[in-house]
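The structure under discussion is supplied below as structure tokens; questions concerning it will follow.
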Number of protein chains: 2
Amino acid sequence: MEQESRELRRVGLKVTHPRMRILQLFEEDGERHFTAEDIYKRLLADQEDIGLATVYRVLTQFEAAGILIKHNFEGGQAVYELDRGRHHDHMIDVDTGKVIEFVSEEIERLQREIAAKHGYVLEDHSLVLYVRAKRPK
Amino acid sequence: MEQESRELRRVGLKVTHPRMRILQLFEEDGERHFTAEDIYKRLLADQEDIGLATVYRVLTQFEAAGILIKHNFEGGQAVYELDRGRHHDHMIDVDTGKVIEFVSEEIERLQREIAAKHGYVLEDHSLVLYVRAKRPK
DNA sequence: ATCAGTGCAAAAGGTTTGCAACCGA
DNA sequence: TCGGTTGCAAACCTTTTGCACTGAT
């Protein structure tokens with residue numbers, strides 16, 4: 001509560017009800033990756049009267065402020081997660097949709113090398129592994 | 001011409017005018033990566049009377065048939081390229097939009113290792129490097 | 001009183017689909 | 001012939017935008 005409003009002020013955004021509720025959602029334990037609609041539905045379920053357009057606007061502002069990272073995984077809907085400062089990539093279980101985070105310093109290094117080899121500097125990258133459990137449930 | 005109709009029959013698709021023209025576009029030298037709209041505009045410029053919906057339908061069929069690969073790079077529009085059987089990843093020059101292909105057996109191996117380490121088998125992956133020329137023009 | 005922030009509805013952008021006409025094996 | 005294919009328009013889905021209203025300073 002206190003923490004969230006400090007966070008909002010820190011990035012220069014007014015502390016409003018929709019912003020607080022959405023930020024809290026991301027900072028709760030449990031799910032870390034949400035689409036705009038996920039958030040909209042959760043708020044609806046909590047009796048909140050927050051429009052979908054507002055959800056989109058807040059997500060965009062949070063992304064611009066560096067609070068959230070936006071991912072364009074397959075499937076049309078953008079997915080957002082808190083930017084906790086530790087870069088990582090994602091693995092998606094194609095059967096369950098579960099998102100697993102991972103870090104590989106070696107892959108990061110290879111990417112920079114490959115870009116350099118072609119005369120470029122790496123600005124950003126997107127790596128998603130689509131995986132299936134070894135022993136299907 | 002002959003080659004294209006054989007290709008179409010091989011994958012079990014009737015040889016029709018729209019399918020031929022679109023397949024030819026991909027097999028021409030030069031550009032390898034097209035959006036549906038790129039194709040639609042090229043066909044228009046060639047006086048072809050092929051609807052955008054048909055372009056989408058043909059692209060979807062070609063993808064299902066394994067002739068094309070579909071990429072969901074950032075920016076809303078899906079990009080298609082011929083599946084020449086040699087897997088590769090992509091680098092995109094963020095200034096010019098240019099697409100560069102590359103292969104890194106080492107990254108491929110690391111990806112499989114990471115998936116395995118988490119108890120999964122790698123089914124597919126998507127890797128895109130966003131790069132900027134070392135010495136800006 | 002002011003002005004950012006909000007909800008709603010409409011618009012936008014990319015892609016898909018229903019349908020009647022058409023065409024290729 | 002006749003079922004697959006196509007063009008057109010309408011529908012769809014996600015995201016953005018216009019606008020009048022609200023609410024905090």
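A, B, ... follow the sequence lines: proteins, then strands. Residue 1 opens every chain.
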Who passes side-chain hydrogen bond (donor to acceptor under 3.5 Å, both in side chains) against Arg10(A), sequence neighbours left out?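 Counting only residues at least two positions away or on another chain, Arg10(A) forms a side-chain hydrogen bond (donor to acceptor under 3.5 Å, both in side chains) with Glu7(A).
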
At a heavy-atom distance below 4.0 Å, which nucleotide of DNA chain C is the first touched by chain A, and which is the last?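 Terminal contacting nucleotides, 5' to 3': dA4(C) to dA9(C).
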
Could you grab the distance from atom CG of Asp89(A) to atom CD1 of Ile114(B), nearest 0.5 Å is fine?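 The distance works out to 8.0 Å.
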
Looking at residues 3-25 of chain B, who's got a heavy atom less than 4.0 Å off DNA chain D? Lys14(B), Thr16(B), Pro18(B), Arg19(B)

Calculate, to the nearest 0.5 Å, the distance between atoms NE2 and NZ belonging to His33(A) and Lys98(A) respectively. 11.5 Å

List in chain and number order the residues that pass side chain to side chain contact (heavy atoms under 4.5 Å, CB included) with Asp38(A), two or more places apart in sequence or in another chain; answer none if no residue qualifies.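 Asp38(A) satisfies side chain to side chain contact (heavy atoms under 4.5 Å, CB included) with Phe34(A), Thr35(A) once adjacent residues are dropped.
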
Would you please name every residue forming a salt bridge (Lys or Arg N to Asp or Glu O under 4.0 Å) with Glu31(A), sequence neighbours left out? none

Qualifying side chain to side chain donor-acceptor pair (under 3.5 Å) pairs, either residue in residues 15-27 of chain B, two or more places apart: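 For residues 15-27 of chain B, and leaving out neighbouring residues, the side chain to side chain donor-acceptor pair (under 3.5 Å) pairs sorted by first residue read His17(B)-Glu48(B), Arg19(B)-Gln61(B), Arg21(B)-Gln24(B), Arg21(B)-Asp46(B), Arg21(B)-Glu48(B).
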
Distance in Å, Phe102(A) CZ paired with Met91(A) CE, rounded so as to fall on 0.5 Å steps: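 That separation rounds to 5.0 Å.
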
Got a sec, which pairs hit ring-ring contact (aromatic ring centres under 6.0 Å, His included) with one end in residues 50-77 of chain A, sequence neighbours left out?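 Residue pairs with at least one partner in residues 50-77 of chain A: His71(A)-Phe73(A), His71(A)-His90(A), Phe73(A)-His90(A).
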
Partners of Glu4(A) by salt bridge (Lys or Arg N to Asp or Glu O under 4.0 Å), sequence neighbours excluded? none

Please list, chain by chain and in numerical order, all residues satisfying side-chain hydrogen bond (donor to acceptor under 3.5 Å, both in side chains) with Asp124(B), sequence neighbours excluded. none

Where along residues 37-50 of chain A does a heavy atom come under 4.0 Å from DNA chain C, residue by residue in number order?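 Result for residues 37-50 of chain A: Asp49(A), Ile50(A), sorted by number.
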
Under the side chain to side chain donor-acceptor pair (under 3.5 Å) definition, can you give me all pairs with a residue in residues 107-122 of chain B, not counting sequence neighbours? His87(B)-Glu108(B), Arg109(B)-Glu113(B), Gln111(B)-His125(B)

Less than 4.5 Å apart, side chain to side chain, heavy atoms only: is that true for Ile67(B) and Phe26(B)?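 Not touching, per the 4.5 Å side-chain cut-off.
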
Which of residues 51-68 of chain B sit near DNA chain D, with a heavy atom under 4.0 Å from it?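 Of all residues in residues 51-68 of chain B, the ones placing a heavy atom under 4.0 Å from DNA chain D are Gly51(B), Ala53(B), Thr54(B), Arg57(B).
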
